[in-house]
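As structure tokens, the structure follows; a few thoughts come after it.
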Amino acid sequence: MVFLTLLVFLSLFVITFLAYFKWSFTYWKRKGVPYLEPTIPTGNLRVNFKTSESQFDYWRRVYKETKAKGLKHLGLYMFTNLQYVPFDIEVIHNILYKDFNYFDDRGLYYNEKDNPLTAHLVALNGKKWNNTRKKLTPVFTSKKIKMIFNIIRANTDQFIDYVGDRCKEGPVDISKAIGLLVINVTGSSAFGLDCNTFKDASSEIAKNVRNAIVISKFEFFKMIFGIQSPRIAQFLRLDYMSKDVSNFFSTLVKDTVNYRKTNQVSRDDFMQMLINLMDSNEFTLEDVMAQAFLFFVAGFETMTHTTAFTLYELCRNVDIQSKLREEVCQVLSKNNGEITYENLGEMQYMDEVISEALRMYPTIPIITRKCVKDYKVPKLDIVIEKDTFVVIPTVGLHYDPEYFHNPNTFDPSRFSDENNIKPTTYLPFGSGPRNCIGKRFGLLVVKSVLAVLLKNYEFSLVDGFKGPLKFNATHITLTLDETLWLNVKKL
Ligand code: HEM
């Protein structure tokens with residue numbers, strides 16, 4: 001009898017569960033918006049299960065297929081969350097820029113109370129985001145970034161020696177080498193720390209940066225659950241970051257703040273600017289922790305991989321590599337071979353090469369927003385309802401032949417004249433009030449690294465490797481699924 005009752009309850013539960021999902025998944029059909037067939041229970045979140053297809057490949061394919069059918073938008077589901085994907089560049093422009101007040105959230109999950117580190121600018125919403133963005137904007141001006149250049153410069157000599165030592169042993173794992181430099185630069189500028197990763201690649205800081213960025217499938221699901229039901233997740237005190245990682249970075253910031261205060265030390269770095277905000281009562285210690293941690297969350301993979309992808313294309317296009325090296329050497333020769341903030345600004349071809357690498361390999365392949373109040377889409381007969389997520393398919397736009405002729409060809413000359421690029425078709429740093437705040441700093445690091453590398457070394461692909469690159473299927477940012485070994489020859 002007990003068994004039978006249990007069976008009835010279980011059957012009722014399964015039927016209700018299935019009916020709920022079935023009904024939820026009729027939303028886009030009822031709205032008359034074209035959609036991709038969802039699967040119970042994950043909806044269209046297949047990209048994270050189908051391990052062979054990365055975010056990059058998935059969104060490129062979906063964009064191409066949808067555009068080929070002449071469709072202007074698409075409806076998707078992330079579990080039962082609604083995702084609206086616009087393909088029309090005017091609609092995209094309005095969402096990111098003109099009608100931003102309907103879309104000022106990103107809809108990421110954070111739990112400030114239990115883990116202050118998660119409340120960084122990328123994740124914050126509403127008023128708190130607005131206030132924090134205003135306070136952080138002055139930290140990223142050209143003047144402040146120029147000040148940080150000394151920190152970048154101080155680390156590049158050791159980097160060149162490290163690459164020099166590695167290349168004596170054979171091909172070099174170039175992403176790893178660049179990643180170590182980025183950890184040193186970020187650790188020094190945002191935490192005031194001498195990371196010294198070239199001497200100890202498995203140091204505590206290097207280990208914790210990796211653990212902070214690479215999250216397990218279980219942590220990923222906790223994050224998705226937090227996005228789906230933030231209030232329940234906060235009630236359950238759900239955290240998608242390991243305790244070791246959050247303790248490590250929190251202690252690091254506390255110790256640095258204490259040290260500087262006790263010893264009255266002041267440095268020209270990001271950490272000092274954050275401490276100054278705390279001294280003027282604009283930031284709490286928790287804010288300082290979160291926003292310092294942000295540099296690793298938002299900057300580590302983006303800067304490392306942008307540099308590595310650019311080098312990869314320079315190997316495939318040796319004429320472009322030579323032309324860029326010529327520019328680097330010619331500009332540096334005016335200053336005894338020294339790299340300065342000013343002479344990096346003179347490298348115009350360098351800008352074109354990096355812009356083209358970011359077109360082909362946008363390290364963040366999609367931009368996301370969350371609708372905060374119902375929005376009638378001009379031109380289209382549809383209302384995006386509050387709480388719907390909007391996905392802008394950056395990578396699709398970047399490979400659309402309507403906007404970029406021969407999109408599979410690495411051609412920096414497309415960026416020789418800004419007017420060649422149609423507005424809103426090129427979004428490696430996003431757009432509008434929530435665009436990338438670290439763009440100047442990120443580009444400065446990428447440029448500095450490429451300049452010192454090209455001045456000192458020649459790069460080529462290892463025998464037998466012709467590409468294309470394979471990307472990781474579970475990562476949100478564009479990361480490699482294989483080691484990028486390059487032959488490095490001292491010049
Ligand atoms: C080449 C390097 C980088 C690339 C390609 C890149 C790309 C992006 C993209 C695509 C976005 C989303 C923009 C949007 O939603 O409209 C973003 C946001 C952001 N990035 Fe970067 N980024 C880079 C480096 C950095 C660095 C070094 C920092 C340092 C702190 C940083 C901090 C941020 C922050 C805080 C946001 C969120 C801004 C907000 O929500 O207000 N990024 N980045």
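We number each residue from 1, following the sequence as shown. Read the numbers this way: they start at 1 and go in the same order the structure lists the ligands and their atoms.
- Here Arg369 has side-chain heavy atoms under 4.0 Å from ligand 1, and that is the only part of it that gets that close.
- With a heavy-atom cut-off of 4.0 Å, Pro433 does not touch ligand 1 at all.
- Checked for salt-bridge contact, Asp269 and Arg260 meet the test: a charged N lies under 4.0 Å from a carboxylate O.
- Residue Phe441 has at least one heavy-atom neighbour below 4.0 Å for each of these atoms of ligand 1: 27 (C).
- Ligand 1 places these atoms under 4.0 Å from at least one heavy atom of Gly299: 26 (C), 27 (C).
- Remark: ligand 1 atoms within the under-4.0 Å shell around heavy atoms of Thr306 are 1 (C).
- Short contacts between ligand 1 and Thr363, defined as distances under 4.0 Å to a heavy atom of the residue, involve ligand atoms 5 (C).
- Protein heavy atom closest to atom 17 (C) of ligand 1, with residue, atom name and distance, is Cys436 CB, 3.5 Å.
- Looking at ligand 1, you'll find an N or O of Arg434 within less than 3.5 Å of one of its N or O atoms.
- Closest heavy-atom approach to atom 31 (C) of ligand 1 within the set Ala298, Gly430, Pro365, Gly432: this belongs to Ala298.
- Side-chain atoms of Asn472 come within 3.5 Å of backbone N or O of His475 as a donor-acceptor pair.
- Partner of Phe270 under the ring-ring contact (aromatic ring centres under 6.0 Å, His included) criterion, out of Phe191, Phe441, Phe293, Phe296: Phe441 alone.
- Geometrically, ligand 1 and Arg106 share a nitrogen or oxygen pair separated by less than 3.5 Å.
- Atom 39 (C) of ligand 1 has Arg133 NH1, 3.4 Å as its closest protein atom, hydrogens excluded (heavy atom only).
- For Tyr457 (side chain) and Ile160 (main-chain N/O), a donor-acceptor pair under 3.5 Å exists by modelled atom type.
- Using a cut-off of 4.0 Å between Lys/Arg side-chain N and Asp/Glu carboxylate O, Lys261 and Asp279 are scored as salt-bridged.
- Every atom of ligand 1 with a heavy atom of Trp129 under 4.0 Å away is listed here by number and element: 39 (C), 40 (O), 41 (O).
- For the pair Arg359 and Tyr399, the distance from NZ or CZ to the six-membered ring centre is under 6.0 Å and the angle to the ring normal is within 45 degrees.
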For this session: Evaluate the criterion side chain to side chain donor-acceptor pair (under 3.5 Å) for residue pair His73 and Tyr84; output intermediate values, then yes/no.
Result: CA-CA 7 Å; His73 53 191; Tyr84 178 76; 2.6 Å; yes
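- Phe429 CD2, 3.7 Å is the protein heavy atom nearest to atom 6 (C) of ligand 1.
- With respect to atom 9 (C) of ligand 1, the closest heavy atom belonging to the protein is Ile364 CD1, 3.7 Å.
- With Tyr63 as the aromatic partner, Arg60 does not meet the cation-pi criteria of under 6.0 angstrom to the ring centre and within 45 degrees of the ring axis.
- Here atom 28 (C) of ligand 1 lies nearest to Gly438 when heavy atoms of Gly438, Gly442, Ser431 are compared.
- In terms of protein heavy atoms, atom 7 (C) of ligand 1 is closest to Pro428 O, 3.4 Å.
- Selection from Ile367, Thr304, Thr302 by nearest heavy atom to atom 2 (C) of ligand 1 gives Thr302.
- Proximity of a side-chain donor or acceptor of Asp114 to a complementary backbone N or O of Leu238 within less than 3.5 Å is not detected.
- With Tyr349 as the aromatic partner, Lys323 meets the cation-pi criteria of under 6.0 angstrom to the ring centre and within 45 degrees of the ring axis.
- Among all non-hydrogen protein atoms, the one lying nearest atom 36 (C) of ligand 1 is Val122 CG2, 3.8 Å.
- Note: Trp129 and Tyr110 fail the aromatic proximity criterion, with ring centroids not under 6.0 Å apart.
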